[in-house]
There are 2 protein chains.
Amino acid sequence: MNINKYRNLGIKLTPQRLAVLDYLEGKKSHPSAEDIYQAVKKQFPTISIATVYNILETLKQNELIQELRTGPYKKRFDPNTSWHHHLLCTGCNRVEDVAIKKIPEIAAGEGQGFEISKVHVEFYGLCQKCRLKKNQEVKR
Amino acid sequence: MNINKYRNLGIKLTPQRLAVLDYLEGKKSHPSAEDIYQAVKKQFPTISIATVYNILETLKQNELIQELRTGPYKKRFDPNTSWHHHLLCTGCNRVEDVAIKKIPEIAAGEGQGFEISKVHVEFYGLCQKCRLKKNQEVKR
DNA sequence: TTGGATGCAAAAGATTTGCACTCCC
DNA sequence: GGGAGTGCAAATCTTTTGCATCCAA
């Protein structure tokens with residue numbers, strides 16, 4: 001972990017925040033608040049889940065992470081704030097990053113006065129693992 | 001309401017189910033379970049929210065409605081089960097249907113073994129109403 | 001008649017809130 | 001030193017579950 005890297009983010013640096021930032025750094029697994037809480041608790045046994053939510057909210061406000069509202073029933077957080085999209089497995093709820101060929105556009109006359117700031121594409125399907133599992137069930 | 005229309009849906013028809021179907025018929029507002037509950041309660045004061053959830057789950061299983069997991073914190077239901085996408089207002093959480101120019105595709109070599117069954121595009125932005133409101137706040 | 005549907009209440013899960021205490025800038 | 005951040009507990013909100021009763025087919 002490198003504190004200096006986080007110096008100029010515009011947020012007050014606390015040990016808890018550093019721990020969350022450090023945990024998320026480069027993570028590709030789109031962890032939930034609970035996942036993050038469990039991980040950070042190893043370093044800070046007294047940290048509370050409310051603090052984790054506070055921190056995640058702050059990081060989101062400062063565009064250091066993205067919040068995904070996809071998949072079943074909880075928020076998930078993504079340290080990759082660059083423009084990207086997701087593959088969602090309907091079998092195991094895995095979320096994977098994915099690149100697309102071309103940014104989708106709204107059809108002519110359909111914008112309804114919206115000022116679009118972000119486009120997010122979700123591909124729903126079955127991951128390889130779940131597909132194999134399903135095939136085995138069918139054969140059985 | 002036309003009971004006959006619903007005759008061959010493959011589900012047992014109860015008055016509560018008919019009321020929910022009837023309420024959703026043609027709705028473009030993507031109501032939540034609570035919205036539906038409040039509306040149907042006018043006709044069936046004794047209906048319970050659990051029953052509403054049961055019914056919505058059944059309708060979803062039978063592909064009579066779609067469930068959206070988008071926007072802030074609750075499920076929303078859409079009687080339009082055809083292929084479409086959404087505009088999401090980050091100001092007021094309004095959800096509007098929208099058509100797109102071209103179905104997005106995954107970039108070469110990015111599929112990761114997923115078998116894609118559905119693509120959903122979310123356009124985040126501010127609706128006209130919220131944009132005006134924001135402008136007024138800035139000027140003030 | 002009978003299995004699935006309903007209604008109620010309680011439980012569960014995720015997130016938020018209020019508030020006193022702490023500590024980073 | 002002061003204001004923002006933290007920890008704790010309780011509250012809230014949405015959804016699910018268990019179970020006795022009911023009713024559509």
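Only a predicted model underlies this, so the values are computations on that prediction, with no experimental measurement involved. Both backbone and side-chain heavy atoms feed into the values below; hydrogens, waters and symmetry mates do not.
Closest approach to the B/Ser48 side chain among D/dT15, C/dT16, C/dC8 is made by C/dC8 (side chain taken as heavy atoms from C-beta onward). When distances are taken from the side chain of A/Tyr53 to each of C/dT6, C/dT15, D/dT14, the shortest belongs to C/dT15. The side chain of B/Thr51 sits closest to C/dG7 out of D/dT14, C/dT16, C/dG7. Comparing D/dA9, C/dT6, D/dT15 by their closest approach to the side chain of A/Ala50 singles out D/dA9.
OP1 or OP2 of D/dT16 sits under 4.0 Å from a side-chain N or O of B/Lys75.
Applying the side chain to side chain donor-acceptor pair (under 3.5 Å) criterion to B/Asn54, with sequence neighbours excluded, gives no partner residue. Partners of B/Lys118 under the side-chain contact (heavy atoms from CB on, under 4.5 Å) rule, at least two apart in sequence or in another chain, are A/Tyr124, B/Gln66. Residues passing the side chain to side chain donor-acceptor pair (under 3.5 Å) test with B/Ser117, sequence neighbours excluded: none. Contacts of A/Thr51 classified as side chain to side chain donor-acceptor pair (under 3.5 Å), with partners at least two apart in sequence or in another chain: A/Ser48. Residues passing the side chain to side chain donor-acceptor pair (under 3.5 Å) test with A/Gln128: none are found, sequence neighbours excluded.
Bending across the helix from C/dT1-D/dA25 to C/dC25-D/dG1, expressed as the angle between its end axes from five pairs apiece, amounts to 40° (10° rounding).
Applying the ring pair (Phe, Tyr, Trp, His ring centres under 6.0 Å) test to residues at least two apart or on different chains, the pairs with a partner in residues 9-34 of chain A are A/His30-A/His86. Listed by first and then second residue, the salt bridge (charged side-chain N to carboxylate O under 4.0 Å, His left out) pairs involving residues 49-60 of chain A are A/Glu57-A/Lys60, A/Lys60-A/Glu67 (not counting sequence neighbours).
Here C/dA14 presents its P atom at 5 Å from NZ of A/Lys74, a figure rounded to the nearest Å. One can place CG of A/Asp35 at 13 Å from C1' of C/dA14, the figure rounded to the nearest angstrom. One can place CG of B/Leu59 at 15 Å from C1' of C/dT6, the figure rounded to the nearest angstrom. For B/Asn54 and D/dT17, the CG to C1' distance is 10 Å, given to the nearest whole Å. Following rounding to the nearest Å, A/Ile47 (CD1) and C/dC23 (P) show an atom-to-atom distance of 14 Å. Note: CG (B/Leu56) to P (D/dT15) measures 10 Å, nearest angstrom. Taking atom CG of A/Asn62 as the reference point, atom P of D/dG5 lies 10 Å away to the nearest angstrom. Atom-to-atom, CD of B/Gln61 to P of C/dG4 comes out at 15 Å; the value is rounded to the nearest Å.
The two residues A/Leu24 and A/Pro31 come nearest to each other via the heavy atoms CD2-CG, 3.7 Å.
Across all strands shown, A/Thr46 has heavy atoms under 4.0 Å from sugar-phosphate atoms exclusively, and none from any base.
Mapping A/Thr58 and A/Pro45 onto DNA chain D via the closest heavy atom, the residue that lands nearer the 5' end is A/Thr58. Taking for each of B/Arg17 and B/Ile49 the nucleotide of DNA chain C with the nearest heavy atom, the 5'-most of the two is the partner of B/Arg17.
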Protein-nucleotides 23-25 of chain D N/O pairs closer than 3.5 Å?
unit_1	atom_1	unit_2	atom_2	d
D/dA24	O3'	B/Leu13	O	3.1
D/dA25	OP1	B/Leu13	N	3.2

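Counting only heavy atoms from C-beta outward, the side chains of B/Leu126 and B/Thr90 approach each other to under 4.5 Å.
Put simply, the side chain of B/Asp78 gets close to the backbone of B/Asn80: a donor and an acceptor are under 3.5 Å apart.
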